[in-house]
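Shown next, in structure tokens, is the structure this report addresses.
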Number of protein chains: 2
Amino acid sequence: MSARRTRVLELAVLGLLYEAPLHGYELRKRLTFQLGAFRAFSYGSLYPCLKEMLRQGHVSQTPQAEGSARGGRRSRIVYRLTDTGHEHLHGLLTEVAPATSDDECFGVHFALFGHTGPDVRLRILHGRRDRLHTRLADLRARLAHAPGPADDYTFELYRHDAESVEREIHWLDGLIAREQRDARSRPGPAPPRPGPPV
Amino acid sequence: MSARRTRVLELAVLGLLYEAPLHGYELRKRLTFQLGAFRAFSYGSLYPCLKEMLRQGHVSQTPQAEGSARGGRRSRIVYRLTDTGHEHLHGLLTEVAPATSDDECFGVHFALFGHTGPDVRLRILHGRRDRLHTRLADLRARLAHAPGPADDYTFELYRHDAESVEREIHWLDGLIAREQRDARSRPGPAPPRPGPPV
DNA sequence: GTTAGCATGTAAGGAGTTACATGATTTT
DNA sequence: AAAATCATGTAACTCCTTACATGCTAAC
């Protein structure tokens, strides 16, 4: 029961590097504008993270971009995923999945769905939906206590929250149905997708 | 420009103690189940927070509940807001307001709207709406780039996100309109509400 | 008499931020 | 030559969590 640590940043970096080798500055831009629907990370966390991942052998660094695409500028350090890192990413994507329904992690996981199999996707979607159901029940219980005149704002907040949760559940229902349909039309165990164009 | 620190917990505790004196255990329950739409704080952060607030004179502690309501159990330590603490809360509620449109803080601020004047409420609501507008523009810009076949999930996430943001903006528009109507029907400078039943 | 719930705390650590320091290159 | 942008990094700090330690009372 050793509380699995989340490390959203690590997951996001692994996911982006899976698609293409990148240097730190570019990585940060993509974190902000691609996974940026969720949050922006600072260099103060990104660079130490890369350093640690390097130490663990999940990424390798090569100074400067290779031959072509000569940009000039300060010498970049390009990071790329190693085989170990690839395995690690796959592990995070599958093992951690069920616990990963909290707002932040769900977004990142979802954005990386293209790298996973349908089974993993369904696990994550179900996990998220279950949590939202719990949350909705909780909100409704609170809404059941009619608000005092001074509690108007709290009440209104719960109401809006409950509505949002309902809508997200509905959205998830649709996604789950689609995944199941896809899984049926392409039966058998889900093959891990082949690597991206490197 | 000294980056105002947020300290959600402090604000939430001040807000709850404004309504009634409470001991730590009860405070935590209310944090979870009353402001709990947002997050649950652990004792490991709550008690040190109370200690610090005590040191700063924002709260005072009295051992055991007064005379009545003898519960037995372990001796409780009841905290209540001091005058300084009251001023501090008022300061946080007004000064910090504009910067406080990030998801977590907005919820807590909103839940404490009952303690503020209409001017503060409008500032916070407007701040929140402005941020959401920015975010929506950002999301739409990304949606404008038609997704590659592999980016389906990212695209779908943006789409759902944009819809949620739109709905919240609409919600805020309604609230803002209501506040303005209220302000007109009761003109003049907003009087700070009288204290709660102590 | 042991488990469950109430109640208060501390120590260590995790995941990130801000502010700072540095330096190259391109644009104005 | 100044300013903006690209690029990498470190030190100190923040706010919170987990895991632990303690003890009291009520219920089984």
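Proteins get letters first, then strands, A, B, ... in listed order; numbering begins at 1 in each.
The C1' atoms of five pairs define one axis at each end of the helix from C/dG1-D/dC28 to C/dT28-D/dA1, and these two axes lie 20° apart (to 10°).
For B/Tyr79 and B/His23, the ring centers are positioned 6.0 Å apart or more. The aromatic ring centroids of B/Phe113 and B/Phe110 lie less than 6.0 Å from each other.
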Can you pull every protein N or O that's under 3.5 Å from an N or O on nucleotides 10-13 of chain C?
residue : atom : partner : partner atom : Å
C/dT10  : OP1  : B/Lys51 : NZ           : 3.0

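Between the A/Arg28 side chain and the A/Tyr43 main chain, no donor and acceptor come within less than 3.5 Å of each other. Formation of a donor-acceptor pair under 3.5 Å by the A/Arg121 side chain with backbone atoms of A/Thr116 is found in this model.
Defined by atom type and a distance below 3.5 Å, a donor-acceptor pair is missing between the side-chain atoms of A/Trp171 and B/Glu163.
With rounding to whole Å, B/Leu22 atom CG is found 15 Å from C/dT8 atom C1'. Nucleotide C/dC6 holds its C1' atom 8 Å from the NZ atom of B/Lys29, rounded to whole Å. Distance B/Gln61 CD to C/dT8 P: 10 Å, rounded to the nearest Å. One interatomic measurement links the two molecules: CG of A/Leu50 to P of D/dT8, which rounds to 9 Å at whole-angstrom precision. Look at CG on A/Leu27: it is 9 Å from P on D/dT8, rounded to the nearest Å. The interatomic distance linking A/Ile77 (CD1) with D/dC6 (P) rounds to 18 Å, in whole Å. As a whole-Å value, the separation of A/Tyr25 OH from C/dG23 P is 18 Å. As a whole-Å value, the separation of B/Leu46 CG from C/dG9 C1' is 11 Å.
Taking a cutoff of 4.0 Å between a charged side-chain nitrogen and a carboxylate oxygen, B/Glu166 and B/Arg140 qualify as a salt bridge. In this structure, A/Arg129 does not pair ionically with A/Glu168, as no charged nitrogen and carboxylate oxygen lie closer than 4.0 Å.
For A/Val8, whose side chain is taken as the heavy atoms from C-beta onward, the closest listed nucleotide among C/dT18, D/dT18, C/dG16 is C/dG16. Closest contact between the side chain of A/Tyr79 and the listed nucleotides D/dG9, C/dA7, D/dA7 involves D/dG9. In the set D/dT18, C/dG16, D/dC16, the nucleotide with an atom closest to the side chain of B/Phe41 is D/dC16.
In this structure, A/Ser42 does not reach the C/dT18 phosphate: none of its side-chain N or O atoms is under 4.0 Å from OP1 or OP2. Within the structure, a side-chain polar atom (N or O) of B/Arg7 is placed less than 4.0 Å from OP1 or OP2 of D/dC15.
In terms of the side chain to side chain donor-acceptor pair (under 3.5 Å) criterion, B/Arg178 has no residue partners (sequence neighbours excluded).
A distance of 14.0 Å separates NE2 in B/His133 from CG in B/Asp138, rounded to the nearest 0.5 Å.
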